[in-house]
Amino acid sequence: MTYDMLLLRFGEITLKGRNRNRFEKTVYTHIKAVLKPYPKVHIIREYGRLYVELNGESAEELTQVLRKVFGIVSVSPVRVCPVDLDAIIETALDFLSERELPEGTTFKVNARRVWKAFPHSSQEMNHLVGSPVLRAYPNLKVQVKQPEIELRIEVRENGAYLYYETIPGVAGFPLGSNGKAMLLLSGGIDSPVAAWAAMRRGLEIECVHFYSYPYTSQLAKEKVIELTRILSRYAGRIKLHLVPFTEVQTSFVGNGQDNMIITLMRRAMLRITSALAERSGALAIVTGDNLGQVASQTLASMNVIGRATELPILRPLVTMDKNDIVNQAIEIGTYETSILPYEDCCTLFVPKSPTTNPNLHVVERVEASLERLPELIEAAIAATETVIIKPDTDISRISGKESREPVVQEEWF
Ligand code: ATP
Ligand code: MG
């Protein structure tokens with residue numbers, strides 16, 4: 001199929017006035033960024049929509065790229081012609097000549113006159129274009145309800161647009177239009193999906209990953225960098241904070257409260273993340289928590305863990321089914337990387353029976369008894385490395401010198 005242009009429609013039509021303007025400008029900037037590798041295309045901005053002139057680039061490829069831009073509700077590959085009845089008919093005939101039309105293919109024309117000075121109404125256009133089309137293609141049979149081919153024609157002042165398809169986009173809010181949050185990124189399936197969901201809602205995210213070298217390997221760290229790289233396709237660039245967590249984590253081991261260790265670790269993660277958030281001006285923390293999935297994700301655990309920070313914790317996946325999360329991960333492209341078998345610092349130190357119902361007072365008492373904890377937390381913050389990841393980042397360039405093999409974990413419990 002040959003197309004001249006892509007027509008992109010914006011979402012959240014409830015937005016008005018200045019907000020709407022800002023919204024559209026942000027989407028425009030995002031689109032300009034994702035279209036950088038395609039220098040031939042030309043973007044035209046109009047109230048409520050955008051046009052991308054293809055100038056020979058592939059409509060299929062660019063549709064796939066652009067439908068992932070947050071704030072785009074739909075994409076239609078279109079043919080363009082002058083606003084003139086004969087030109088429109090001629091273009092319609094040519095457009096249909098590219099399709100296979102087996103005997104009995106159902107069809108209708110659905111015209112819309114947006115430019116009211118055009119001499120023929122929408123209704124008239126349906127007939128004026130439909131009749132010559134049916135004469136030229138006798139295999140077509142008119143059907144008003146759900147035809148196999150619906151040829152849409154939009155008549156505007158600057159041109160007439162012909163198209164068949166309206167391909168749904170990811171919708172949501174434009175990137176960064178709702179502020180910034182820190183995202184706790186593990187190497188699992190859930191947190192990258194939470195990242196995407198947060199970005200889709202207009203949050204700019206900075207990722208925070210805790211690693212416990214040498215108990216977690218260089219490969220585990222590379223996996224998280226790769227996940228960030230995949231996510232950066234949706235954002236252009238993402239900041240990733242890599243926090244060395246070994247000292248903090250091992251300080252929780254062997255004080256007689258092993259069943260509480262995940263709770264203690266999560267609270268320490270939140271404290272460190274809150275400090276990083278303050279530096280970055282982020283106003284919330286996003287996690288991949290999913291209610292009931294594991295011991296640390298019961299309501300009681302979430303409650304005790306959440307009290308370690310004053311920032312709101314956003315859990316976009318909290319009520320989702322695992323199946324839906326997996327499908328989402330496949331769709332956004334993180335699944336294959338997430339299922340690589342490298343260890344996460346949290347799975348390393350999991351006790352035989354982690355508590356599902358931690359007691360805040362007991363947890364606070366244990367924390368208070370760990371005299372070096374505040375100092376270790378400070379040290380972890382100070383030793384955090386921050387890297388900026390882009391879709392074309394070369395991972396080997398930023399990975400460190402650590403061994404690719406993890407040290408075999410001792411018996412902790
Ligand atoms: P995920 O698939 O995201 O790892 P999960 O179902 O395995 O989630 P947990 O391992 O209990 O659940 O982690 C819950 C959340 O805690 C994660 O979604 C993530 O936001 C955060 N988290 C866990 N481990 C780490 C880590 N090493 N670094 C940063 N965040 C982490
Ligand atoms: Mg996990």
Side-chain angles (χ1 to χ4, degrees), residues 181-198 203 205-213 215-217 219-225 227-228 230-231 238-246 248-249 252 261-274 276-277 284-299 301-302 304-306 308-309 311 313-330 332 334-351 354-356 358 380-381 384-385 406:
M182 307 304 277
L183 174 104
L184 290 182
L185 185 65
S186 69
I189 295 169
D190 300 337
S191 43
V193 176
W196 183 83
L203 288 175
I205 54 159
E206 289 189 13
C207 297
V208 184
H209 176 68
F210 295 85
Y211 67 96
S212 288
Y213 180 75
Y215 305 110
T216 58
S217 66
L219 284 173
K221 193 163 150 191
E222 279 174 19
K223 173 179 166 179
V224 168
I225 297 172
L227 286 171
T228 311
I230 296 167
L231 290 169
I238 294 184
K239 239 185 218 176
L240 168 65
H241 303 278
L242 294 158
V243 186
F245 201 51
T246 320
V248 173
Q249 192 168 4
F252 297 135
I261 200 159
I262 303 266
T263 312
L264 294 164
M265 273 167 42
R266 281 291 147 76
R267 284 169 59 90
M269 285 183 180
L270 288 182
R271 292 206 170 97
I272 293 168
T273 305
S274 304
L276 298 173
I285 297 174
V286 183
T287 74
D289 286 330
N290 184 249
L291 192 60
Q293 206 180 71
V294 291
S296 59
Q297 298 178 27
T298 61
L299 203 54
S301 287
M302 284 187 193
V304 170
I305 292 167
T309 180
L311 290 175
I313 300 180
L314 309 181
R315 300 177 172 92
L317 314 185
V318 77
T319 62
M320 272 174 84
D321 282 340
K322 190 73 189 185
N323 254 344
D324 296 335
I325 299 174
V326 166
N327 287 336
Q328 192 82 262
I330 294 168
I332 64 179
T334 50
Y335 183 75
E336 290 299 319
T337 305
S338 285
I339 57 173
L340 294 172
Y342 311 125
E343 62 299 320
D344 181 59
C345 69
C346 292
T347 51
L348 279 180
F349 296 79
V350 178
T355 177
T356 54
I381 296 166
T384 296
E385 283 172 83

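Ligands are counted one by one from 1 in listed order, and the atoms in each one are counted from 1 as well. We use all heavy atoms of the structure for the numbers below, so side chains are in, but hydrogens, waters and symmetry mates are not.
- Between the side chains of Thr298 and Thr356, no donor N or O sits under 3.5 Å from an acceptor N or O.
- Of the N or O atoms in Leu184, one or more lie within a sub-3.5 Å distance of an N or O in ligand 1.
- Looking at Phe210 next to ligand 1, an N or O pair under 3.5 Å apart turns up.
- Taking a cut-off of under 4.0 Å to the non-hydrogen atoms of Val208, the atoms of ligand 1 that pass are 29 (C).
- Looking at Ile313, Leu242, Asp289 and measuring to atom 15 (C) of ligand 1, the nearest heavy atom belongs to Asp289.
- Atom-to-atom distance recorded for Asn290:CG and Ser191:OG is 11.5 Å, nearest 0.5 angstrom.
- Closest heavy-atom approach to atom 1 (P) of ligand 1 among the candidates Pro192, Ala194, Ser186, Gly288: Ser186.
- Taking 4.0 Å as the cut-off, Asn290 does not count as a neighbour of ligand 1 on heavy-atom distance.
- Side chain of Ser274 to backbone of Leu270: a donor-acceptor contact under 3.5 angstrom is found.
- No donor-acceptor pair closer than 3.5 Å links the side chain of Thr287 to the backbone N or O of Leu184.
- Between the choices His209, His241, Gln297, the shortest heavy-atom distance to atom 9 (P) of ligand 1 belongs to Gln297.
- For ligand 1, the polar-atom distance check against Met269 finds no nitrogen or oxygen pair separated by under 3.5 Å.
- Rounding to the nearest 0.5 Å places CG of Leu240 at 9.5 Å from NZ of Lys221.
- In this structure a side-chain-to-backbone donor-acceptor pair under 3.5 Å is present from Lys223 to Leu340.
- Checked by atom type and distance alone, the side chain of Arg266 never pairs as donor or acceptor with a backbone atom of Met302 at under 3.5 Å.
- Heavy-atom contacts of Ile189 reach the following atoms of ligand 1: 2 (O) (cutoff under 4.0 Å).
- Contact atoms of ligand 1 toward Gly188: 1 (P), 2 (O), 4 (O) (distance under 4.0 Å to a heavy atom of the residue).
- Taking CG of Leu242 as the start and NE2 of His209 as the end, the distance is 6.5 Å to the nearest 0.5 Å.
- Heavy-atom proximity to atom 8 (O) of ligand 1, evaluated over Thr287, Asp190, Leu185, is greatest for Asp190.
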